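For reference, the structure is listed below as structure tokens.
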Amino acid sequence: MLFILFILRFTFASNIAAYWGQNAGGNQQSLGDYCSSSPADIIILSFLNNFPSISLNFANQCSQTFGDGLLHCSQIGQDIKSCQNKGKIILLSLGGATGNYGFSSDSDAKTFATTLWNKFGGGQDNERPFDDAEVDGFDFDIENKDQTGYPALAKQLQAYFATSSKKFYLSAAPQCPYPDESVGDLMSQVDLDFAFIQFYNNYCSIDKQFNWDTWSEYAQGKSIKLYLGIAGSSSSAGSGYVDLSTVQNTISTIKNDASFGGVSIWDISSVPQQFINGISEALEGSSPASTISATYAYSTSAANTLVTSALSIITPATTSAPTTSAPTTNTQSTPASTNAFWNWFNGFFSKSTQSSQATATATPTPTFVATTSQTVSTTNWLGGLFAPEVTTYVTITTTVAPSIIKRDVVVDSEATNFHPGYLTIVTFVSILFLI
């Protein structure tokens with residue numbers, strides 16, 4: 001029997017989504033600049049503001065056109081590919097507050113889906129505003145209260161998405177009053193990936209009648225992720241702007257919601273770097289309090305009979321509510337071999353494992369800031385074949401951060417520096433079992 005142990009590294013990441021293209025801050029830089037300098041994970045290009053007769057508007061970022069007047073934004077196209085290479089998701093937003101857009105029927109909307117796919121997605125067209133760059137999906141920032149055709153448009157786009165090996169996304173940017181008067185039908189009839197809810201310029205802003213629970217109830221049973229939509233500065237919204245500490249406190253109250261996806265910002269040119277970094281830190285600090293360990297041991301007798309003595313997976317620990325006392329930090333150590341010669345000899349065949357140790361500090365409010373450091377220890381396995389009794393442990397540990405839960409689990413299966421010698425041991429164990 002072959003035993004293969006895969007140690008999974010769990011990365012918990014809530015996202016920041018930011019709109020770009022309307023120069024709300026007055027000094028808008030290129031898309032590529034923000035992809036390089038900002039912690040935003042999703043950047044939404046705004047706007048494709050006129051349709052079905054297409055017109056684009058990116059403020060100060062594109063001035064070239066095709067012969068018929070449609071913007072030809074080669075630099076944005078290059079930046080899209082550069083951003084995607086950095087792991088960013090780039091969406092194209094349809095609509096806006098002042099655009100001239102809408103459909104007379106579902107048929108018109110389906111026809112427009114073909115146009116979008118050919119000009120911005122995986123299709124082909126003689127006039128592609130971003131050249132060969134493909135956006136990662138489309139956002140519906142519809143604000144004119146005319147809902148005709150949008151469910152049909154989204155479903156037709158999803159049919160095109162299904163023909164590609166590339167992952168595409170659909171999102172909506174509703175106002176916080178529920179249901180939204182412009183994308184309510186879309187959100188009730190189509191499975192969307194994200195909702196960037198505008199908690200500003202409305203009675204239900206964060207500092208007023210905050211109605212996250214209503215949206216959370218809507219999201220139950222759906223795969224959609226809800227984003228806390230905020231204004232990047234007081235100048236980028238008519239009302240509803242709140243300071244960083246208020247945003248951080250709000251994150252702490254909704255972070256346990258299974259539908260919580262992160263924070264969305266209007267817009268990236270208006271938000272100070274310290275502000276967006278503070279949001280990122282608040283989201284990073286909402287990682288689950290858990291300890292995930294994998295331990296195995298091999299022991300040998302003088303007759304070199306190899307026996308598997310232990311194999312255990314320790315499940316995540318349960319967290320407790322924050323208190324004013326110092327949190328407990330869980331650590332595990334690797335016992336050292338008592339044979340110096342084997343320590344030296346086995347170093348040629350050792351593997352490196354990483355353990356993560358985090359400490360959490362309580363502030364006057366129930367907010368905890370986690371600081372993570374990594375140490376590397378070396379564990380020996382070869383001596384176990386010949387030494388009278390040698391036990392080797394491999395441990396991966398993350399520490400407990402009280403009552404801080406981060407949603408959006410991304411599982412990345414990663415082995416720790418595999419060595420050919422492992423296969424020899426596994427094969428030897430198999431032969432013994434067969435005998």
Side-chain angles (χ1 to χ4, degrees), residues 15-25 27-51 54-66 69-96 99 112-141 154 157-158 160-161 163-173 192-194 196 227 232 262 264-271 276:
N15 292 328
I16 293 177
Y19 282 83
W20 171 89
Q22 288 303 295
N23 197 22
N27 188 30
Q28 179 174 258
Q29 304 302 305
S30 73
L31 173 64
D33 287 337
Y34 292 111
C35 285
S36 298
S37 64
S38 168
D41 307 280
I42 302 172
I43 298 182
I44 308 131
L45 313 184
S46 54
F47 287 109
L48 196 165
N49 60 323
N50 293 340
F51 58 81
I54 289 183
S55 176
L56 295 162
N57 185 311
F58 301 116
N60 62 341
Q61 290 299 309
C62 182
S63 58
Q64 294 181 328
T65 65
F66 291 106
L70 178 63
L71 286 183
H72 184 192
C73 309
S74 295
Q75 184 58 56
I76 294 178
Q78 294 175 24
D79 286 348
I80 288 172
K81 292 189 287 187
S82 175
C83 294
Q84 290 168 335
N85 287 336
K86 292 179 173 66
K88 312 288 187 180
I89 293 174
I90 306 298
L91 305 179
L92 176 60
S93 188
L94 315 180
F112 182 62
T114 302
T115 300
L116 285 178
W117 179 247
N118 288 338
K119 288 187 178 293
F120 303 100
Q124 299 292 325
D125 194 281
N126 292 330
E127 293 185 351
R128 287 181 60 94
F130 305 138
D131 296 328
D132 61 343
E134 298 180 19
V135 297
D136 296 302
F138 300 94
D139 172 61
F140 294 85
D141 188 6
L157 284 171
Q158 289 175 332
Y160 283 123
F161 295 168
T163 66
S164 174
S165 59
K166 173 183 167 70
K167 174 64 176 176
F168 288 92
Y169 304 88
L170 289 180
S171 64
L192 303 178
D193 298 288
F194 316 120
F196 307 123
Y227 284 69
S264 58
I265 303 172
W266 176 269
D267 75 353
I268 198 167
S269 71
S270 70
V271 59
I276 195 170

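Throughout, residue positions are numbered sequentially from 1 according to the sequence presented. Predicted, not measured: the structure shown is a model, and the values here were computed from it.
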> How long is the span from the CD1 atom in Ile54 to the OG1 atom in Thr115, to the nearest 0.5 Å?
Replying inline: 5.5 Å

> Is there side-chain contact between Asp139 and Phe194, with heavy atoms separated by less than 4.5 Å?
Replying inline: no

> More than 12 foreign heavy atoms under 6.0 Å from CG of Asn126: is that the case here?
Replying inline: no

> Between Phe130 and Leu45, is a side chain to side chain contact (heavy atoms under 4.5 Å, CB included) present by the stated rule, with each step listed?
Replying inline: CA-CA 12 Å; Phe130 305 138; Leu45 313 184; 3.9 Å; yes

>> Are Leu116 and Leu48 packed together at the side-chain level, in the sense that at least one heavy-atom pair is separated by less than 4.5 angstrom?
In response: yes

> For the atom pair CD (Gln75) and CD1 (Ile80), what is the distance rounded to the nearest 0.5 Å?
Replying inline: 10.5 Å

> About how many Å separate CD of Gln61 and CG of Leu71, when rounded to the nearest 0.5 Å?
Replying inline: 12.0 Å

> What distance separates Leu94 CG from Phe138 CZ, expressed to the nearest 0.5 Å?
Replying inline: 7.0 Å

> Do Lys88 and Asp136 sit within salt-bridge range, that is, some charged N less than 4.0 Å from a carboxylate O?
Replying inline: no

> Going through the distances and angles, do Phe47 and Asn57 end up as a side chain to side chain contact (heavy atoms under 4.5 Å, CB included)?
Replying inline: CA-CA 6 Å; Phe47 287 109; Asn57 185 311; 5.7 Å; no

> At their closest point, which heavy atom of Asn49 faces which heavy atom of Ser55, and how far apart are they?
Replying inline: OD1-O, 2.8 Å

> If you look at every heavy atom in Gly232 and Ile265, which pair is closest and at what distance?
Replying inline: CA-CG2, 3.8 Å

> Would you call Ser269 and Gln29 a side-chain contact if the rule is heavy atoms closer than 4.5 Å?
Replying inline: no

> Is there a side-chain contact between Gln28 and Trp20, using heavy atoms and a 4.5 Å cut-off?
Replying inline: yes

>> Suppose we screen for ring-ring contact (aromatic ring centres under 6.0 Å, His included). Which residues come up paired with Tyr160, at least two apart in sequence or across chains?
In response: Trp117

> Would you say the side chain of Lys81 lies within less than 4.5 Å of the side chain of Asp132, judging by non-hydrogen atoms?
Replying inline: yes

> Quick check: does any side chain N or O of Asp125 sit under 3.5 Å from a backbone N or O of Asn118, one acting as donor and the other as acceptor?
Replying inline: no

> Heavy-atom distance under 4.5 Å between the side chains of Leu70 and Pro129, does that happen here?
Replying inline: yes

> Between Glu134 and Arg128, which heavy-atom pair has the shortest distance, and what is it?
Replying inline: CG-NH2, 3.9 Å

> Taking atom types as modelled and ignoring hydrogens, do the side chains of Tyr19 and Asp141 form a donor-acceptor contact shorter than 3.5 angstrom?
Replying inline: no

>> Determine whether a donor-acceptor pair (N or O, by modelled atom type, separation under 3.5 Å) exists between the side chain of Asp79 and the backbone of Ser82.
In response: no

>> If I compare all heavy atoms of Phe51 with all of Gly95, which pair ends up nearest, and what's the gap?
In response: CE2-N, 3.8 Å

>> Apply side chain to side chain contact (heavy atoms under 4.5 Å, CB included) to residues Cys62 and Leu56 and explain how you reach the verdict.
In response: CA-CA 9 Å; Cys62 182; Leu56 295 162; over 6 Å; no

>> Is there a side-chain contact between Ile268 and Ser38 in this structure, where contact means two heavy atoms from C-beta onward sitting under 4.5 Å apart?
In response: yes

> Checking Asp193 side chain against Leu170 main chain: does a donor-acceptor pair fall under 3.5 Å?
Replying inline: yes

>> Rounded to the nearest 0.5 Å, what separates atom CD1 in Ile89 from atom SG in Cys83?
In response: 12.0 Å

> Measuring from Ser171:OG to Leu92:CG, what's the distance to the nearest 0.5 Å?
Replying inline: 10.0 Å

> Can you name the nearest heavy-atom pair linking Ile43 to Ala40, along with the distance?
Replying inline: CG1-CB, 4.3 Å

> Within a strict 4.5 Å, meaning less than it, do heavy atoms of the Ser46 and Trp266 side chains meet?
Replying inline: yes

>> Could you report the tightest heavy-atom contact between Phe168 and Gly137, atom names first, then the distance?
In response: CD2-N, 4.1 Å

